[in-house]
Amino acid sequence: MSGTARAQLRQLARDPVLFVLLMAIAVSIAVFVIYPLIKVLLASFQVDGAWSFAGYAELAERKLYRNALINSLGVGALVGVIGVAIGFVNAFVLTRLDVPGKTLLHYLTILPIISPPFVSAVSILFLFGFNGLVTRQLLGLQDFSIYGFHGVVLSQVFTFAPIAYLSLRGVLASLSPTLEDAALNIGATRWQAFWKVSFPLALPGIASAFLVVFIESMADFGNPLVLAGAAFPMLAPQAYLEITGSFNLSRGATLAIVLLIPSMTAFAIQRYYLSKRQYITVTGKPTASTSKVVSPAAKWLLYGVALLFALLVTAFYAVILVGAFTKVWGFNYAPTIAHFLYVFDVGFESVKDTLVVALVTTPVSGLLGMLVAFLVVRRNFPGRTALEFGSILSFAVPGTVVGIGYIMAFNAPPLVLTGTLAILVACFVFRYVPVGIQSGIAVLRQIDPAIEEAAQNLGATGLTTFRKITLPLIAPAFFSGLVYAFVRAMTAISAAIFLVSANWNLMTVQILNQVGSGRLGVAAAFSVVVIVIVLVAIVIISSLVNRWSRHTSMVRF
Amino acid sequence: MTDSIRIVGLNKAFASPDGGTVAAVRDINLEIGAGRLVTLLGPSGCGKTTLLRMIAGFEEPTSGDIFFGDKRMNDEPPNRRDTAMVFQSYAVFPHLDVFENVAFGLRLRKLGREEIARRVDKVLEQTGLASYARRSPSQLSGGQQQRVALARCIVMEPRVLLFDEPLSNLDAKLREQMRVEIRELQQRVGITSIYVTHDQVEAMSISDEIVVMNAGVVEQVGTPHAIYARPSSRFVADFIGKANFLTATVADGETVEISGVHLPVAEMPARSPGETVAAVLRPEAIHLSPDAGPFRGTVRRVMFLGNIAEYLVEVDGVGSWIVDSANPAEAPLHRVGEPVFLTPSRHALHLLP
Ligand SMILES: Nc1ncnc2c1ncn2[C@@H]1O[C@H](COP(=O)(O)OP(=O)(O)O)[C@@H](O)[C@H]1O
Ligand SMILES: [Mg+2]
C-alpha cells in the first residue's frame, strides 16, 4: 500500500463509525453486486460441471438463440430511435415553445415511469389483442396478431420514451436559446440555426438518452414476455424460460452474459457522453424560454405530436382503468368490482408482501445512496473510484442477469437467502441505489465542503455531520432517491421474478401470471392498485422530506 | 482555557495531477504563546490555508508534529481538537437559523437547555446579532453571516480560534470595522488565535505577531513593528509596505556609504568594511526639499493620494526611489521634471542580513 493510501486510511479510521460503515458498504457491494455477476460468468463457462466454451458455441449454432440476440438488439435500437425522437419533440415543446397546458402535458408524458413497465403491454392486449377493442370490435379483424416485433416495439416505446423525455428535457433546458438568437442574428435561417447550433450542442445528450433507452429495452422483461410470442424469441425472457422451464442454469447464465455485453458496452459509452455533456451545461444566466427557430406552423405541428403522445398515454391508462372494472373484455362489457375483490382477497398476500418489500427497501436504498455519495465526494480513501463504480454498475446490469446471479449466489452456503424477504430487499436496494447515488453526487458537488467541515470543527463526528448537515442539504437528491427506490420496488419484475417464493410474492409477478392465464381484468385491477399506491407514496414521501428538511427549529442529537 | 501552540518540523506535500508532489508547507517550526493573536501572512498559494487546516485537523501532515500545550494533536480528528474555525466562505448552516447555528456545537456537547440559551444569547449580544436570532442565514448580509460564523466559534470557548481570510468577501469599509471587532473580541476572550490573510494592512492592524510565509516556508516571525522596520529578507520588505532597495558599501561599524554619501545604520550585520550589503529604505523615511540634502534627483512622477503624495524620483548615481511625503495638502507639490534634494531619516536605513 502506498504512503498516501495508508495516510488516508489512518485519517478515516479516526472516525470509527464512518469507517465501519464504509467497510460494510464495500463488503455489501462485493457480495450483492459483484459476487452474483461472477457466479453467472463462471456458470456460463461450465457445462455439466466441467470448464468449457460449449455453452457459447451452442448459442452461436442454434437459430433460436441467434435470433433472440438479433431480435433484442433490433428492438433495442429501434425503440431507442423512436423513443428519443418522441422524447426530443416533447422536451422541445415543453422547454422551448410557448404553448398551453404544459404542466399537464409534462405529467401525462411521464406517467408511464411510475407504473409497472408492462402496463402498456396489458393495455395493448386490451386494444389490439385477439379480443381487442380496436382490432376485433371496431375493425373486425380475424387474423391480426399483435404478438411479435411490432407489439414489443409499440409497448416499449410507450414505456421508455418518457425516460428519454426526462433526460432530454434536462439537456434542452441547459442550452441557452440566446445561442440560436445569435445564429439568427448573423443571418442563419431557422433551419440552419437549429441544425447547426442547437442540435450539435444537444447531440451528446441525445446520444446518452438513446443509450439509456437501449439499455432499458435490452433489459426489459415484462413487455417481451407478454407480447413477443413464441415466434419472436428475445434474450431476457429466453434466459428466464431456460431456467424456470428447462432448469438449464448454465444455458440461462450463458444467455445472461450475452445479454450483459451490449448493455455494459452501451453503459460505458453513455458514461463517456455524460462526462462530455458537462462542458456545455454551464451557461450561467437563466434563459428566456421561448425559441424563435420554429415557424408557427412547425410549432403547432410539434405541439400536435407531443399532444398525441400524451393522449395515447392517457388512452392506455384509461383502458387499464376501464378494463379493471369490466367483466370480460371483448365479450361482456358490464361493469364489475369483482377483479378488485379478487385482488384484495386471493391477491392480498402479494399486495401486503409488495408493500413490505417496498417499505423496507425505500429508506435503506435512499439513505445508502446519500451515504455513498457523501463518502465518494467528501472522503478520500483507497478504492474510492472502485466503490463509486461498483455502486452504480448495477444500473447497467439487466434484471434478468441479476436475478440469475442471485439464485446462483444465494441458494447455497455460505449465504442462503432464497425465499426470504432479505433477498428481495438486497436485490432492490443494490439494483436501484445508483440513481440516488448519482443525484446525491451531483447535488453534493455544488455544496461548499466548508459547511460540513464547520460542523466537524464544532465537534460533530462524520456520521453526525452526515445526519445533521449533509442530508438536509441534499434533500432534493434524497427525495428523488427515495421515490425512485419506492417506485421501482413496487414495479420491478425482471430480477424479482426469479426471487419470489410462496412466502414472499409480488404484485408485478401476479400481474404477469394473470396475463399468462388470460385474466386481463385482474391484471388491470392489480395495475391500478400499484399505480394508486405509488401516487400516494410520492405525496407522502414528498411531504415528509419537505417537513424534515425545512424545519429550522432545534436540532436534537 | 486556552493553549499555546507548537509546530515542529511540519511538512505537507500534495499529490499533483502530473503524478509528482507539490510541497505546500515545508519544514515549519513555530511557537505561538497562549492568548496571542498571530497572523499567517503571505501571497496566495504560499501554504497558509494548508497550515491552518493541518492545525484544525482537516489535512494530515506529511511529517512533523502539532502540539496544543503539551499534548500532541496529530492523531486527534478535527471534531476532538477543540479548535473553532471561521471559514473564508462563512460556511454557516443554511438550513438552521442564527440561534441554531450558534447553538450547534453546544448541543453536540449535550449541555442543558438553559445553559445553551444563556451562552448563545450572550454571544449574540456580543456580536450584535441579538435581534436576528430567528432569522435564516439567507436573510442576512455578508457581514452578518460572517458574524454568525464568528459567534458560532466564540460560543464554544475553544482552545484555539482559527480564521481563514474571514474578511476577504466583505467590502472595504466593513472589512476595517470587522477587523477592529475581531481584535477586540479576541482580546476580551483571550483565546489563542491564528489568523490567515494575504492583506498586510489587515495583518499589521490586528496581530500580536506576524508570520510571513512564502512558497511554503516561514520567511520571518515578529511583531508588526519589527517586521516592518527590520525585515529579514527582500521578500518580506517588499511584501510588507513599499520599499526602496539599495546597494550599500560598509564603511565602518556604524555607517555605510551609498554613492559617496555616508549614512548611519541602527544595526550593523557582521560584515567587514568594503563589503556590499543590500539595504531597505522606506518611502516615508525620505525627506524631499527644493534646496538642500545629501542626494540630488529629478521628479519623474507625482501622485496625490490625499494623506500622502507619492513621488518617483530619479536619484543621481543611485536609481529610482519612491518617496512619500506626508500632509501634502499643506504646501505646493513638486512638479515633474523639477530638481529636488533627498534626505533619509536618521537610522532609517535597514540592512538585510
Ligand atoms: N487539496 C490539495 N491538493 C493539491 N494541492 C493543493 C491542495 N490544497 C492546496 N494545494 C496546493 O498547495 C499550495 C498552497 O495552497 P494554500 O495552502 O491553499 O495556499 P494559500 O492559502 O496560502 O493561498 C498551492 O500550490 C495549492 O495549489
Ligand atoms: Mg488560502
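Each chain gets a letter, A, B and so on, in the order its sequence line appears, and its residues count up from 1. Hydrogens, waters and symmetry mates play no part in the numbers below; they use all other heavy atoms, side chains included. The model shown is predicted, which means the values in this text are computed figures rather than measured ones.
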Glu115(B)/Arg109(B) salt bridge by N-O under 4.0 Å criterion: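 Judged by the 4.0 Å cut-off on N to carboxylate O distance, Arg109(B) and Glu115(B) do not form a salt bridge.
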Please determine whether a side-chain nitrogen of the Lys or Arg among Glu114(B) and Arg118(B) lies less than 4.0 Å from a carboxylate oxygen of the Asp or Glu.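 A salt bridge is absent here (no side-chain N lies under 4.0 Å from a carboxylate O).
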Measuring heavy-atom distances to chain A, does [X] have an atom under 4.5 Å in its side chain, in its backbone, in both, or in neither?
X: Met156(B); value: side chain
X: Phe58(B); value: both
X: Val92(B); value: backbone

Between Ala149(B), Gly105(B), Ala91(B), the one whose heavy-atom pairs under 4.5 Å with chain A are most numerous: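 That would be Ala91(B).
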Report yes or no: do [X] and [Y] form a side-chain donor-acceptor pair below 3.5 Å?
X: Tyr195(B); Y: Glu202(B); value: yes
X: Ser63(B); Y: Asn11(B); value: yes
X: Ser16(B); Y: Asp18(B); value: yes
X: Ser89(B); Y: Asn169(B); value: no

Residues of residues 446-456 of chain A contacting chain B, heavy-atom criterion under 4.5 Å, by residue number: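 Heavy-atom contacts from residues 446-456 of chain A to chain B are Asp448(A), Ala450(A), Ile451(A), Glu453(A), Ala454(A), Ala455(A), Gln456(A).
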Looking only at heavy atoms, which of residues 70-81 of chain B get nearer than 4.5 Å to chain A?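 From residues 70-81 of chain B, the residues near chain A are Asn74(B), Asp75(B), Glu76(B), Pro77(B), Pro78(B), Asn79(B).
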For chain A, which residues of residues 39-55 of chain B have heavy atoms nearer than 4.5 angstrom: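 Residues Arg53(B) are the ones that qualify, each having a heavy atom under 4.5 Å from chain A.
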Are Arg152(B) and Phe93(B) in a cation-pi setup, meaning NZ or CZ lies under 6.0 angstrom from the ring centre and within 45 degrees of the ring axis?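 Yes, cation above the ring, under 6.0 Å and within 45°.
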Which distance, rounded to the nearest 0.5 Å, do you find between the CE of Met370(A) and the OG of Ser439(A)?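 These two atoms lie 5.0 Å from each other.
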Nearest 0.5 angstrom please: Arg135(B) CZ to Asn101(B) CG, how far?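 Nearest 0.5 Å value for the CZ-CG distance: 14.5 Å.
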Audit row: Arg147(B), Gln144(B), side-chain hydrogen bond (donor to acceptor under 3.5 Å, both in side chains) steps and yes/no: CA-CA 5 Å; Arg147(B) 285 201 176 90; Gln144(B) 288 165 335; over 6 Å; no
Determine the interplanar angle of the Phe267(A) and Phe395(A) rings, folded into 0 to 90°, and report it as parallel if under 30°, tilted if 30 to 60°, perpendicular if over 60°.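 Correct class here is tilted.
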Decide side-chain contact (heavy atoms from CB on, under 4.5 Å) for Val433(A) and Val372(A); before the verdict, give the C-alpha distance in whole Å, the side-chain angles of both, and the deciding distance to 0.1 Å. CA-CA 9 Å; Val433(A) 78; Val372(A) 171; 5.9 Å; no
Which residues pass the side-chain contact (heavy atoms from CB on, under 4.5 Å) test with Leu535(A), sequence neighbours left out?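 side-chain contact (heavy atoms from CB on, under 4.5 Å) list for Leu535(A), sorted by chain: Ile114(A), Ile531(A).
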Report which part of Leu473(A) has an atom under 4.5 Å of a heavy atom belonging to chain B: side chain, backbone, both, or neither.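 Just its side chain gets close to chain B.
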Are Phe466(A) and Leu18(A) packed together at the side-chain level, in the sense that at least one heavy-atom pair is separated by less than 4.5 angstrom?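 Side-chain contact under 4.5 Å: no.
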Considering residues, nucleotides and ligands other than Glu125(B), do more than 12 of their heavy atoms fall under 6.0 Å from its CD?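 12 or below, so no.
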